[in-house]
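As structure tokens, the structure follows; a few thoughts come after it.
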Amino acid sequence: LISLSMLINCYCHLGQMAFAFSVLGKIFKSGYEPSIITLTTLIKGLCINGQVDMALELHDFLVAQGFQFDEVTYCTFSSELCKIGRTSAAIQLLLKLEGQVVKPNVEIYNTVINGLCEDGYVNEAKKVFNRMVERDLVPDVISYTSLINGYFKIKRVDEAMVLFREMHFRNLVPDTITYTSLIDGLCKSGRTSFAWELVGEMQYRNQPPNIFTYSPLLDFLCKNQHLDKAITLFQKIMDLGIQPDVCAYTILIDGLCKYGRLNTARQIFQHILNEGFPLDVQIYTAMINGLCKEGFIDEAMALCLEMEDNGCSPDAVTFKIIIRALLDKKDNVMAEKLLNEMLARGLVK
RNA sequence: UCAGAUGAGGGGC
């Protein structure tokens with residue numbers, strides 16, 4: 001049963017829900033009863049494949065059959081509902097659980113706190129946090145990190161810092177993700193020397209900085225046109241044995257493109273392309289934007305076709321950049337062609 | 001030892 005659950009999990013992550021359900025069928029045929037873990041795996045599979053409502057129906061059906069789900073199941077539902085913007089449904093679920101046998105745990109509260117923060121309702125998130133504390137649950141590092149991140153996103157630096165200090169009083173040890181959230185927030189509010197101090201503190205506290213930690217610092221340098229410093233930092237990251245990922249490359253290429261170093265950007269882009277480095281729509285779009293800005297629209301359109309061949313479809317942002325460039329060049333015919341292509345792909349709202 | 005759950009960075013306007 002354990003192996004079959006793992007199999008189901010694999011199918012779910014490959015988007016092969018039909019296969020996943022056929023494994024469930026085999027479990028039933030063999031006379032076994034699937035465990036809650038198996039069923040939760042399937043529920044999550046439905047959710048990540050865009051079928052949250054079907055997952056909810058499956059849940060209700062199984063409950064009617066006498067199955068009892070646990071915290072992990074409800075945490076999955078709550079998290080997935082938040083991810084698709086249905087935070088209020090997650091809140092309703094939370095309230096419902098508060099009056100039931102399976103009481104919400106810290107993880108479930110965390111999903112709602114994080115969901116509210118992502119929607120910008122940080123004060124509401126803080127209320128949920130307080131409500132959790134009133135119910136004798138102890139907030140963990142993730143509860144704090146979500147709130148800290150939320151306060152930074154709405155530019156409430158002071159509130160974020162208060163929470164960071166509060167962690168210490170609760171004997172919570174900020175981890176790499178907590179520090180990274182702080183560093184990102186500080187960089188985006190221009191307080192980079194403080195951010196760098198925290199990088200030092202991380203090393204001192206054995207919370208090693210990773211590529212997520214350095215990316216906001218790199219982004220700050222790029223967006224403020226300190227391109228040489230950015231390149232130096234990028235080299236330093238690699239010297240530390242940290243492999244830059246596609247986000248880090250995007251930050252660098254975008255910065256180089258925007259501030260007059262298109263050729264350097266081109267070279268780096270070509271280099272990672274040759275190496276077979278996995279690229280995504282955002283890095284292609286950054287490069288396309290750079291090309292358009294300097295008037296290389298044909299090259300940009302060629303790259304747009306190339307990304308498609310590499311299994312990476314241009315999205316609405318990619319199309320808008322090229323269309324705008326074409327319109328600036330008064331090539332209305334080609335612009336209209338691309339606009340129709342966007343419509344055909346359902347990229348126009 | 002790991003069958004299922006929650007937190008961090010990048011592209012246009």
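Letters A, B, ... are given to chains in the order of the sequence lines, protein chains preceding strands, and every chain is numbered from 1.
Picking from B:G12, B:A8, B:A3 the nucleotide with the shortest atom distance to the side chain of A:Asp254 gives B:G12.
Residue contacts for A:Glu118: at a heavy-atom cut-off of 4.0 Å it reaches the sugar-phosphate backbone alone, with no base atom in range. Heavy atoms of A:Ile108 sit nowhere under 4.0 angstrom from any nucleic acid atom.
Side-chain contact, A:Gln270 with A:Asn274: a donor N or O sits under 3.5 Å from an acceptor N or O. Side-chain atoms of A:Ser146 and A:Asn149 form no donor-acceptor pair, as typed in the model, at a separation below 3.5 Å.
In this model, a side-chain donor or acceptor of A:Thr285 finds a partner on the base of B:G11 within 3.5 Å. In this model, no side-chain donor or acceptor of A:Asp70 finds a partner on the base of B:A5 within 3.5 Å. For A:Ser181 and B:G9, a side-chain-to-base donor-acceptor distance below 3.5 Å is absent, hydrogens and geometry of angles not being considered. For A:Ser35 against B:A3, a side-chain-to-base donor-acceptor contact under 3.5 Å is present. Between the side chain of A:Asp315 and the base of B:G11, at least one donor-acceptor pair of N or O atoms lies under 3.5 Å.
Taking atom CG on A:Asn9 and atom C1' on B:G4, their separation rounds to 7 Å, with Å as the unit. We find that NZ of A:Lys258 is positioned 12 Å from P of B:G10, with the value rounded to whole Å. Distance A:Ile37 CD1 to B:C2 P: 12 Å, rounded to the nearest Å.
At distances below 3.5 Å, at least one donor-acceptor pair connects side-chain atoms of A:Asp280 with backbone N or O atoms of A:Ile283.
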Just list the side-chain donor-acceptor pairs under 3.5 Å for residues 11-21 of chain A, sequence neighbours left out, or say none.
{"from": "A:His13", "atom 1": "NE2", "to": "A:Asn9", "atom 2": "OD1", "distance (Å)": "3.3"}

